[in-house]
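The model shown is predicted, which means the values in this text are computed figures rather than measured ones. Scope of the values below: all heavy atoms of this structure, side chains included, with no hydrogens, waters or symmetry mates.
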2 protein chains.
Amino acid sequence: MREQKKQATREALSAAALRLALERGPDDVRVDDIAEAAGVSPRTYNNYFSSREQAIVAAVAGEREARIAAAVAGRPVGVGLAAALVEAVVEAYTTASEPGRDALLLITTRPSLREAFVGTTGAIENPLAGAIAGRLGDDDERTARVLAASVAAAVRIALEGWLQTTAASFTAGGLVVPSGSLPDLLRATLAPLTPALDAAEERARRRPR
Amino acid sequence: MREQKKQATREALSAAALRLALERGPDDVRVDDIAEAAGVSPRTYNNYFSSREQAIVAAVAGEREARIAAAVAGRPVGVGLAAALVEAVVEAYTTASEPGRDALLLITTRPSLREAFVGTTGAIENPLAGAIAGRLGDDDERTARVLAASVAAAVRIALEGWLQTTAASFTAGGLVVPSGSLPDLLRATLAPLTPALDAAEERARRRPR
DNA sequence: ACGCAAATTTGCGTGCACGCATTTTTACTG
DNA sequence: CAGTAAAAATGCGTGCACGCAAATTTGCGT
């Protein structure tokens with residue numbers, strides 16, 4: 001299929017970008033190098049990614065996007081929407097992907113990549129909206145989108161805070177892999193949204209489909 | 001003061017960008033023209049704006065950013081946080097600025113500018129966070145930020161929907177100035193967040209400063 | 001197997017964003 | 001009023017994103 005090949009080159013580009021960034025540092029990676037490493041023309045690279053940072057970060061963020069919807073759907077219905085969302089997010093953002101350890105370290109270290117990394121939180125909005133709509137019933141698509149966007153925004157804020165503290169700890173002492181407090185931080189940041197999620201769930205329950 | 005002059009050139013650049021965009025159409029405006037019209041070097045222009053679209057849209061979005069915080073603070077405390085926010089947002093997004101009428105028409109018509117316009121919703125996040133924190137007390141800065149980001153995201157979604165419908169009406173029939181339903185759309189989109197806002201307000205009331 | 005139409009890739013040209021080093025302006029002090 | 005240090009404006013060079021049109025690949029019907 002055509003779709004498969006497209007996805008393959010996409011992943012090849014992303015993987016090449018990440019590998020080169022790890023080898024030489026992200027600022028010494030030319031677009032032409034990524035394209036060559038993936039075996040395509042430089043122009044083609046730009047048909048897939050609109051910035052170098054995007055290509056590098058995509059490798060880490062891509063699967064998260066897929067997992068998060070599955071994680072929400074995977075929670076039993078008895079758990080409640082708010083708890084399901086929180087746990088799904090925590091799971092998605094703490095389970096590091098396969099070669100993701102040092103990649104994350106690189107991303108969180110370099111400022112240019114941190115921005116792109118934080119920006120990937122927007123990408124979870126659509127999967128989340130789908131998952132929420134699936135739980136609430138598709139009656140109010142708009143509510144689902146708003147709640148999903150709010151959750152995504154909260155995740156972004158949590159990540160910003162996390163990166164800020166880790167940056168401080170980097171400048172302060174030696175190499176500290178920052179992961180300990182992220183789950184707690186995510187839970188705390190998502191907490192203010194719980195009433196809205198509960199209310200939406202309650203409304204959906206009152207007015208069954 | 002230095003700060004005043006900086007702000008002056010910033011506004012000069014933005015105004016020049018908007019004027020040229022209205023005259024020739026946004027795609028026929030070169031950065032050099034904007035810089036020349038504002039009497040600065042092209043390089044200097046880039047010290048103020050990192051993209052042409054940003055400069056054009058800034059004229060419309062800039063004051064909104066300032067007004068929205070004032071609008072929230074201006075509501076009497078008896079109104080309640082949720083209502084105050086909703087009304088402030090509606091006011092900020094329906095009261096068109098001085099020469100903003102045709103500017104908005106241009107912005108909503110051209111796809112490249114629509115994206116930038118929607119992106120400006122992110123700019124209201126910080127002012128909103130300040131205003132919310134002012135009402136809730138500064139005990140929980142994080143809650144204020146999350147709620148502000150959620151409101152901003154909801155506004156963005158409302159704008160996206162509004163632009164979509166107006167785009168449809170443009171392609172369908174003749175020139176329709178789209179403004180009628182925006183307030184209602186904003187209210188409806190913000191509604192799902194009300195429970196979270198109420199809960200935060202209630203918490204703040206229980207635990208006074 | 002052949003050829004055709006759609007989708008994808010590619011090359012090229014244009015504008016642009018931004019880092020860096022230098023010059024010019026600004027605000028303050030003796 | 002000069003002298004000075006910080007801040008802003010500027011010039012220049014490098015990489016890059018992206019529109020456009022030509023070339024190549026892909027999938028399919030005959």
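Listed by residue number, B/K5 are the residues of residues 3-15 of chain B with a heavy-atom contact under 4.0 Å to DNA chain C.
As a whole-Å value, the separation of A/E36 CD from C/dG11 C1' is 16 Å. A/N47 has its CG atom 16 Å from the P atom of D/dT25, to the nearest Å. The distance from atom OH of A/Y48 to atom P of C/dA7 is 14 Å, rounded to the nearest whole Å. If you measure from atom CG of B/D32 to atom P of D/dG11, you get 11 Å, rounded to the nearest angstrom. The distance from atom CZ of A/R30 to atom P of C/dG19 is 13 Å, rounded to the nearest whole Å.
A/R156 has no carboxylate O lying under 4.0 Å from a charged side-chain N of A/E125, or vice versa, which leaves the two without a salt bridge.
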Go through the steps to decide whether B/L147 and B/T143 satisfy the test side chain to side chain contact (heavy atoms under 4.5 Å, CB included), and finish with yes or no.
CA-CA 6 Å; B/L147 295 178; B/T143 298; 3.8 Å; yes

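In this structure, the side chains of A/R135 and A/R75 come closer than 4.5 Å at one or more pairs of heavy atoms. Here the side chains of A/R187 and A/E87 are in contact, with some heavy-atom distance below 4.5 Å. Side-chain contact between B/W162 and B/V118 is absent, with no heavy-atom pair separated by less than 4.5 Å. Side-chain contact between B/R10 and B/F49 is present, with at least one heavy-atom pair separated by less than 4.5 Å. Side-chain contact between B/V40 and B/Y48 is absent, with no heavy-atom pair separated by less than 4.5 Å.
Side-chain atoms of B/R114 come within 3.5 Å of backbone N or O of B/T108 as a donor-acceptor pair.
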So if I define the base as every atom that isn't primed, P, OP1 or OP2, how would nucleotides 17-22 of chain D read as a B/S/- string at a heavy-atom cutoff under 4.0 Å?
BBBB--

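Here D/dA5 sits opposite C/dT26 as a Watson-Crick or G-U wobble pair (both hydrogen-bonding atom distances under 3.5 Å).
Dashed line: the shortest gap from a side-chain N or O of B/T44 to OP1 or OP2 of D/dT10 is under 4.0 Å.
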